[in-house]
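Throughout, a chain's letter reflects where its sequence line sits, starting with A, and its residues are numbered from 1. All values derive from a computational prediction rather than experimental measurement.
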Amino acid sequence: MQVGHGGPFAAALRISGGSTPRTYRGGAPGTGTLRTSAAWEAPGSGRAGSGRPSAPPASQSRAPTCWRAVVTTGAEQPEPDDRSGRSLDALMAERRAKRDALAAAGVDPYPARFDRTDLAADLRRRFAHLGPDDRTGVEVAVAGRMTARRGHGKLVFATLTDVSGAVQLLVQVADLDEPSAAVLEACDLGDWIGATGEVMTSRRGELSVGVRTLVLLAKAVRPLPDKWHGLSEADTRYRQRELDLLANPETRRVFDIRFATIAAMRQALVDEHFVEVETPILQAQAGGAIARPFVTHANTLDVDLRLRIAPEIYLKRLVVGGYERVFEVARNFRNEGLSTRHNPEFTALEAYQAFGDVETGMGLTERLVLAAADAATGRRSFATRGGDVDLTPPWPRRELLELLEEALGRPVHPSQPAGDLATLCRDRGIEVDDAWGAGKLVFELYDKVLLPTLLGPVLVCGFPVEVSPLARHRAGDPTLTERFELVVDGREYANGYSELNIPEEQAERFRFEIEAAQRGDPEAHPADLAFVRSLEYGLPPTAGIGIGIDRLVMLLAEVDAIRDVILFPMLRPEASPG
RNA sequence: GCGCCUCUAGCUCAACGGCAGAGCAACGGACUCUUAAUCCGCAGGUUCCGGGUUCGAAUCCCGGGGGGCGCACCA
């Protein structure tokens, strides 16, 4: 995998809020203003008379005035109540007590910054040549979470994990100054720590920082998942993704691929002189796709608004405005099913290129997906449920109607009587609606019969005009459009077409949709008169594409669930976090 | 929405009608070259919630809740 970290971080990456002054509600920082003991007491600290020490503190979200104030008021804090059936409380109380003991000894347990000099991965690269029991004389400062600890009496090994990877700390207790020794004593697995010392190797040859000073940067007062088994329960992994990320390297790998994918596609588009734009998410009318929208309300205007289901309409209006190449990495919202492959909010990349057509769009799609695969994984072959998929270009381009004929054993065409096609659908076990026209029926045959059998990658071209209200019709066949879909493993990954830019024809298409809606078709595209007006100013011939980012990442990361590629997937709200 | 599965210590998992257990983490101790460190000791439980059956329920039944997987809708 080539999702390297470290390079961009090379030198003086600093953690901490740095120059941003912290303003705590309720008092100036550092003044020592005493809040009452209610300020920030530990749950389970046995508040007198409360009887239910595990109740979450009502004021938890309020930051303390200052650390020392809390320590002094909380002198009685660490006693872990009666210990009956309160083991999490006890574990947390122990960790808080260690933190407080440090504070009492004059060590700030929440220092404002730490100046790191090197990342673990950089050290590994730089000192890869060292043999066992070597010394370098090079002093470094490293920081991260302590993820393992192996004590040997006066000698302690610890594993420090930062954004780039892990490096070992080798601590000879005798070499530490007093504050550092106190930190070593007080720190637990999961704590953020910083260490300074000499780069060296152990007798076994493990690259280490021979620690001279050790500081606590932030205490993990809540115990972390098992260092070996990690976190497995899906519910917890999705609800507390941060925990999943810090406990499960595989999760990190998947999201590295996701963000490298998006970055690579952005870069490829910028290299081709596309401009990244932002269009409204709150819209009076959600268009550009067929889907049920979420509805919300704007108080000031006293109007209901919809969350966008696709950015398409606005992006084309920008092309009218003279942005000849635009794209948006768009979060779309569809008030529909939740499944292994569907999250109500998902990410799509849409790009529009003036003076191009459907061929232009297919080429662009191919380049973008390739750029993503190369940058995020360095591979072009991926395992899917249907088998291994090889993304090496050029991808086959096939006519939808030809493929359908092969699959069905007889030719079909949207000019045929709808009744015949409906019968064909029913023969194949497809439920049909009497209101559907021939084009929709052909599309259903494609969607239900053909699509699942295509491993791909394949660019399927020529979709019925009836299911493509925004696409240009094909010259010589007004029942079809210049539209393609990219199919991989029986699923649609991308969709694009020569944009319909004839205002009267677009208006006519919308009228057809209105009629469909009046017939009770819930899938009709809403008519967008502002868009027609925009086309009347002139949309140049334009290629448009949309790529489903979540699905693409699923392919590249070889995972089966969309929830595994969305950091915080939609879940039922948690009843009472804690 | 329907069907199937699942929920036990902070984490990972046993126990499947008969005393709720282990590993990791924690806690006390030993240890100057480990890397899932090791060793000795100790502690930790509303078995998701509510009801029922039973001499006895984590276990069986009913209801509820969270989650997962299929199906349906969809990208």
Nearest-angstrom distance, C1' atom, B:A15 to B:C19
12 Å
May I have the distance from A:Glu444 (atom CD) to B:A72 (atom P), rounded to whole angstrom?
12 Å
Just N and O in the side chain of A:Ser232: are any of them under 4.0 Å from OP1 or OP2 of B:C13?
yes
Between A:Arg96 and A:Asp100, is there a salt bridge with N-O shorter than 4.0 Å?
no
Let me know the distance between CZ of A:Arg292 and C1' of B:A72, rounded to the nearest Å.
13 Å
Do the side chains of A:Asp177 and A:Arg212 get close enough for a salt bridge, i.e. N-O under 4.0 angstrom?
no
Name the closest nucleotide to the A:Glu336 side chain, picking from B:C11, B:U32, B:A75.
B:A75
Rounded P spacing from B:U46 to B:C42 in Å
22 Å
Given atom CD of A:Glu492 and atom P of B:A75, what is their separation to the nearest angstrom?
7 Å
Gap in Å between the two C1' atoms, one belonging to B:C71 and one to B:U35, rounded
48 Å
What distance do A:Leu243 atom CG and A:Glu233 atom CD have between them, rounded to the nearest 0.5 Å?
11.0 Å
N/O (side chain, A:Arg150) to phosphate O (OP1/OP2, B:U38) under 4.0 Å:
no
Could you give the distance from NE2 (A:His129) to OG1 (A:Thr201), rounded to the nearest 0.5 Å?
9.5 Å
Classify the nucleic acid contact of A:Gln172 as base, sugar-phosphate or nothing, counting any heavy atom under 4.0 Å across all strands shown.
base
B:A75 OP1/OP2 closer than 4.0 Å to side-chain N/O of A:Arg341
no
Check every strand shown and say whether A:Arg334 touches a base, only sugar-phosphate, or nothing at a heavy-atom separation below 4.0 Å.
base
Using the six-membered ring of A:Phe568, assess whether NZ or CZ of A:Arg241 lies under 6.0 Å from its centre and within 45 degrees of the ring axis.
no
Would you call A:Lys440 and A:Asp433 a salt bridge, using N to O less than 4.0 angstrom?
no
Check the distance between B:G67's P and A:Gln240's CD and give it to me in whole angstrom.
14 Å
Nearest to the side chain of A:Arg385, which nucleotide is it out of B:U12, B:G70, B:A75?
B:G70
Using Watson-Crick or G-U wobble pairs with both distances under 3.5 Å, give me RNA chain B in dot-bracket, 5' to 3', with [ ] for crossers and | for pairs to another strand.
(((((((..((((....[..))))..((((.......))))......(((((..]....))))))))))))....
With the side chain of A:His152 defined as its heavy atoms from C-beta on, choose the nearest nucleotide among B:C73, B:G67, B:A37.
B:A37
For the residue pair A:Thr147 and A:Thr159, confirm or rule out a side-chain donor-acceptor distance under 3.5 Å.
no
Which part of the nucleic acid, if any, lies within reach of A:Gly151 when heavy atoms closer than 4.0 Å are counted: base, sugar-phosphate only, or nothing?
base
Provide the full list of salt bridge (Lys or Arg N to Asp or Glu O under 4.0 Å) pairs with a residue in residues 160-169 of chain A, sequence neighbours left out, each pair given once.
A:Arg116-A:Asp162
salt_bridge(A:Asp188, A:Arg149) N-O dist < 4.0 Å:
no
Give a yes-or-no answer on whether the side chains of A:Ser164 and A:Arg125 include a donor-acceptor pair shorter than 3.5 Å.
no
Identify each atom pair where a protein N or O and an N or O of nucleotides 24-28 of chain B are less than 3.5 Å apart, giving names and distance.
| from | atom 1 | to | atom 2 | distance (Å) |
| --- | --- | --- | --- | --- |
| B:C24 | O2 | A:Asp226 | OD2 | 3.2 |
| B:A25 | OP1 | A:Lys227 | NZ | 2.9 |
| B:A26 | O2' | A:Glu94 | OE1 | 2.1 |
| B:C27 | OP1 | A:Lys98 | NZ | 2.3 |

Rounded to whole angstroms, how far apart are CE on A:Met92 and P on B:C11?
12 Å
Determine the interatomic distance between C1' on B:G1 and the same-named atom on B:C11; round to the nearest Å.
35 Å
Toward the 5' end of RNA chain B, by each residue's nearest nucleotide, A:Asp235 or A:Lys448
A:Asp235
According to the interplanar angle, ranging from 0 to 90°, do the rings of A:Phe443 and A:Phe463 count as parallel (below 30°), tilted (30 to 60°) or perpendicular (above 60°)?
tilted
Sugar-phosphate only, base, or nothing, as touched by A:Tyr493 at under 4.0 Å among non-hydrogen atoms:
nothing
Considering just the side-chain nitrogens and oxygens of A:Thr340, establish if one lies under 4.0 Å of OP1 or OP2 belonging to B:G70.
yes
Below 3.5 Å is the cut-off: list the nitrogen or oxygen pairs between protein and nucleotides 1-4 of chain B, distance only.
none

Judged by each residue's nearest nucleotide on RNA chain B, which is more toward the 5′ side, A:Ser202 or A:Glu233?
A:Glu233
Anything under 3.5 Å between a donor and an acceptor, one on a side chain of residues 445-461 of chain A, the other on a protein residue two or more places apart or in another chain? List them.
| from | atom 1 | to | atom 2 | distance (Å) |
| --- | --- | --- | --- | --- |
| A:Tyr446 | OH | A:Glu485 | OE1 | 2.9 |
| A:Lys448 | NZ | A:Glu444 | OE1 | 3.0 |
| A:Thr453 | OG1 | A:Leu450 | O | 2.6 |

Could I get the full list of salt bridge (Lys or Arg N to Asp or Glu O under 4.0 Å) partners for A:Glu328, not counting sequence neighbours?
A:Arg308
Between the CE atom in A:Met265 and the OG1 atom in A:Thr365, the distance rounded to the nearest 0.5 Å is 8.0 Å
When we call it a touch if two heavy atoms are under 4.0 Å apart, what does A:Asn343 touch: a base, just sugar-phosphate, or nothing?
base
A:Phe157 on top of B:A37's base, within under 5.5 Å and under 30°?
no
Between B:C73 atom P and A:Ile430 atom CD1, what is the distance in whole Å?
11 Å
What is the distance from CZ of A:Arg237 to P of B:C11, rounded to the nearest Å?
15 Å
Separation of B:A75 atom P from A:Ile562 atom CD1, nearest Å, is 12 Å
Between B:G41 and B:A26, how far apart are the two C1' atoms, rounded to whole Å?
14 Å
Roughly how far apart, to the nearest Å, are B:U53 and B:A14 at atom C1'?
26 Å
B:A36 to B:G44 separation - P atoms, rounded to the nearest Å:
31 Å
Using a strict cut-off of less than 4.0 Å between a Lys/Arg side-chain nitrogen and an Asp/Glu carboxylate oxygen, indicate whether A:Arg341 and A:Asp550 qualify as a salt bridge.
no
Under-4.0 Å side-chain N/O to phosphate OP1/OP2 contact, A:Ser87 with B:A9:
no
Inter-nucleotide C1' distance (B:C49, B:G66), Å rounded
11 Å
